[in-house]
Amino acid sequence: MSKYKLVMLRHGEGAWNIENRFCSWVDQKLSADGLKEAEECGKKLKSLGFEFDLVFTSILSRSIQTAWLVLRELDQEWVPTQSSWRLNERHYGALIGLNRAELALNHGEEQVKIWRRSYDVSPPPIAVSHPYYQEIHTDRRYTTCDIPKEILPKSESLKQVLDRLLPYWNEVIAPEIKNGKRVLISAHGNSTRALLKHLEGISDSDIVNISLPTGVPVLLELDENLHPVKPHEFLGDQEVIRAAIKKVEDQGKVKPSDN
């Protein structure tokens, strides 16, 4: 029987989502459509009667913006928010800034799928000469982390995302849920996938096929031990959500020729 309800959310669309580029730790704001997605998410949660006591975000703006807009639509702006780098998007290393479809054309769709969706394969690490290295790794926000900035990741597999996320889940988020707090996690595609993998026991091979659209709330009902009582559920128009998932999956495919 369900005792707790956990709502997770991949942030609304960002500018690089539109351009089909690996955004990762580059601090992009929400696009105009992303702002609308976050607002619609808040309206959907309000229509379903959700109330929250605590919100967790990454330290990237698109995650925080999404949480703000959801809370505004819920008339719950006062709800405390905690932010941690441990909920950040996966660090895509040398792939940051590159177009997924162009990568598929040059390296093959299967290789791009492995980079994007596999569990234990890391992309090549970001080098100091990378055009976005300084923007990311000299950012003041990373001096606030619970580990020295020098040992923050330069590239990550999904397994490594889960490894850095789990201490925060086990020591911070899970105890709040067990204390009866109604929690919303506004994070990213891969940090949310990693947490779903852990909570639902999704296999290393099956996680490849889990894609999350932007701005769609994911409900997970948990028992007293924080084990799921049924599979996660996307909240909203299911036909629209299926189309959004397909759009995410198609991002790593070669763009059809106009000829």
- Kindly compute the distance separating NZ (Lys178) from CD (Glu224), expressed to the nearest 0.5 Å. 9.0 Å
- Note on the structure: Residue set satisfying salt bridge (charged side-chain N to carboxylate O under 4.0 Å, His left out) with Glu13, at least two apart, ordered chain then number -> none
- Message: Quick check: closest heavy atoms across Ile210 and Arg193, and the distance to 0.1 Å?
- Response: O-NE, 2.8 Å
- Message: Counting C-beta onward and ignoring hydrogens, is there a side-chain heavy-atom pair between Trp85 and Arg141 closer than 4.5 Å?
- Response: no
- Task: Verify side-chain contact (heavy atoms from CB on, under 4.5 Å) between Ile114 and His107, making sure each step is shown before the conclusion.
- Result: CA-CA 11 Å; Ile114 290 170; His107 297 278; over 6 Å; no
- Item | Glu109 side chain near Val112 side chain, heavy-atom distance below 4.5 Å | no
- Is a side-chain donor or acceptor of Gln28 paired with a backbone partner of Cys23 at a separation under 3.5 angstrom? no
- Query: Cluster question for you: counting only ILVMFWY and a side-chain heavy-atom cut-off of under 4.5 Å, with indirect links fine, are Ile136 and Ile64 together?
  - Reply: no
- Message: Could you check whether any side-chain N or O of Arg21 sits under 3.5 Å from a backbone N or O of Gly97, counting only pairs where one atom can act as donor and the other as acceptor?
- Response: yes
- Message: Grouping I, L, V, M, F, W and Y whenever their side-chain heavy atoms are under 4.5 Å apart, do Val216 and Leu48 come out in a common cluster?
- Response: no
- Item | For the student: nearest non-hydrogen atoms of Val26 and Glu135, plus distance | CG1-OE2, 3.6 Å
- Please indicate whether Glu239 has more than 12 foreign heavy atoms, meaning atoms of other residues, nucleotides or ligands, lying under 6.0 Å from its CD. no
- Query: Going from CH2 on Trp25 to CG on Asp139, what distance comes out if it is rounded to the nearest 0.5 angstrom?
  - Reply: 10.5 Å
- Message: How long is the straight-line distance from OG1 of Thr57 back to CD1 of Ile185, given to the nearest 0.5 Å?
- Response: 10.5 Å
- Task: Ignoring hydrogens and angles, tell me if any N or O in the side chain of Ser63 forms a donor-acceptor pair with the backbone of Ser186 under 3.5 Å.
- Result: yes
- Measure the spacing between CZ of Arg72 and NZ of Lys43 and express it to the nearest 0.5 Å. 9.0 Å
- Message: Before you tell me yes or no, could you show the steps for Thr81 and Leu71 under side-chain contact (heavy atoms from CB on, under 4.5 Å), namely the whole-Å CA-CA distance, both residues' side-chain angles and the distance that decides it to 0.1 Å?
- Response: CA-CA 10 Å; Thr81 300; Leu71 289 175; 4.1 Å; yes
- Gap between atom CG of Leu45 and atom CD of Glu40 - 0.5 Å precision: 11.0 Å
- Query: Does some side-chain heavy atom of Asp146 sit less than 4.5 Å from a side-chain heavy atom of Tyr168?
  - Reply: no
- Message: Looking at Ser157, is its backbone amide N or carbonyl O close enough to the side chain of Ser122 to form a donor-acceptor pair, meaning the two atoms are under 3.5 Å apart?
- Response: yes
- Compute the ring centroids of His130 and His137, then answer whether they are less than 6.0 Å apart. no
- Message: Test your reading of the model: is there a side-chain donor-acceptor pair from Asn106 to the backbone of Glu102, 3.5 Å cut-off?
- Response: yes
- Task: For residues His91 and Ile96, determine if any side-chain heavy atom of one lies less than 4.5 Å from a side-chain heavy atom of the other.
- Result: yes
- Item | Trp169-Met8 co-clustered via ILVMFWY side chain contacts under 4.5 Å | yes
- Going by the side chain to side chain contact (heavy atoms under 4.5 Å, CB included) test, name the single residue among Asp163, Ile173, Ile147, Ile59 that passes it with Arg86. Ile147
- Query: Which heavy-atom pair separates Thr66 from Leu9 by the least distance, and what is that distance?
  - Reply: CG2-CD2, 3.5 Å
- So do Leu235 and Phe50 actually touch side chain to side chain, heavy atoms under 4.5 Å? yes
- Kindly indicate, with the supporting measurements, whether the criterion side-chain contact (heavy atoms from CB on, under 4.5 Å) is fulfilled by Lys29 and Gln65. CA-CA 8 Å; Lys29 300 290 197 295; Gln65 269 189 299; 3.6 Å; yes
- Donor-acceptor side-chain pairing of Ser61 and Asp27 below 3.5 angstrom: yes
- Please test Leu162 against Lys159 for side-chain contact (heavy atoms from CB on, under 4.5 Å), starting from the C-alpha separation and ending with a verdict. CA-CA 5 Å; Leu162 183 56; Lys159 181 180 185 300; 5.8 Å; no
- Task: Give a yes or no on whether a salt bridge exists between Glu89 and Arg62, defined as a side-chain N under 4.0 angstrom from a carboxylate O.
- Result: no
- Task: Give the cluster check for Val172 versus Leu87: same hydrophobic cluster or not, with ILVMFWY residues linked at side-chain heavy-atom distances below 4.5 Å.
- Result: yes
- Side chains of Leu30 and Leu69: closer than 4.5 Å at any heavy-atom pair? yes
- Message: Which residues pass the side chain to side chain contact (heavy atoms under 4.5 Å, CB included) test with Thr138, not counting sequence neighbours?
- Response: Gln134
- Which of these, Lys181, Arg182, Lys46, sits in a salt bridge (Lys or Arg N to Asp or Glu O under 4.0 Å) with Glu51? Arg182
- Can you tell if the side chain of Cys145 reaches within under 4.5 Å of the side chain of Leu152, non-hydrogen atoms only? yes
- Heavy-atom pair of closest approach, residues Leu212 and Gly189: CD1-O, 3.6 Å
- Closest non-hydrogen contact found for Val55 with Ala67 is CG1-CB, 4.0 Å
- Message: Quick check: closest heavy atoms across Pro228 and Leu220, and the distance to 0.1 Å?
- Response: CB-CD1, 4.2 Å
- Query: What distance separates Glu176 CD from Tyr4 OH, expressed to the nearest 0.5 Å?
  - Reply: 12.0 Å
- Between Tyr92 and Trp16, is the ring centre distance below 6.0 Å? no
- Any chance you could lay out the salt bridge (Lys or Arg N to Asp or Glu O under 4.0 Å) test for Lys197 and Asp204, step after step, and finish with the verdict? CA-CA 8 Å; Lys197 184 186 191 304; Asp204 296 359; 2.9 Å; yes
- Message: Starting from Val218, can I reach Ile207 by hopping between I/L/V/M/F/W/Y residues whose side chains sit under 4.5 Å apart?
- Response: yes
- Message: Measuring only between side-chain heavy atoms, which start at C-beta, is His188 closer than 4.5 Å to Ser58?
- Response: yes
- Message: Other residues, nucleotides and ligands only: do more than 12 of their heavy atoms fall within 6.0 Å of NZ on Lys149?
- Response: yes
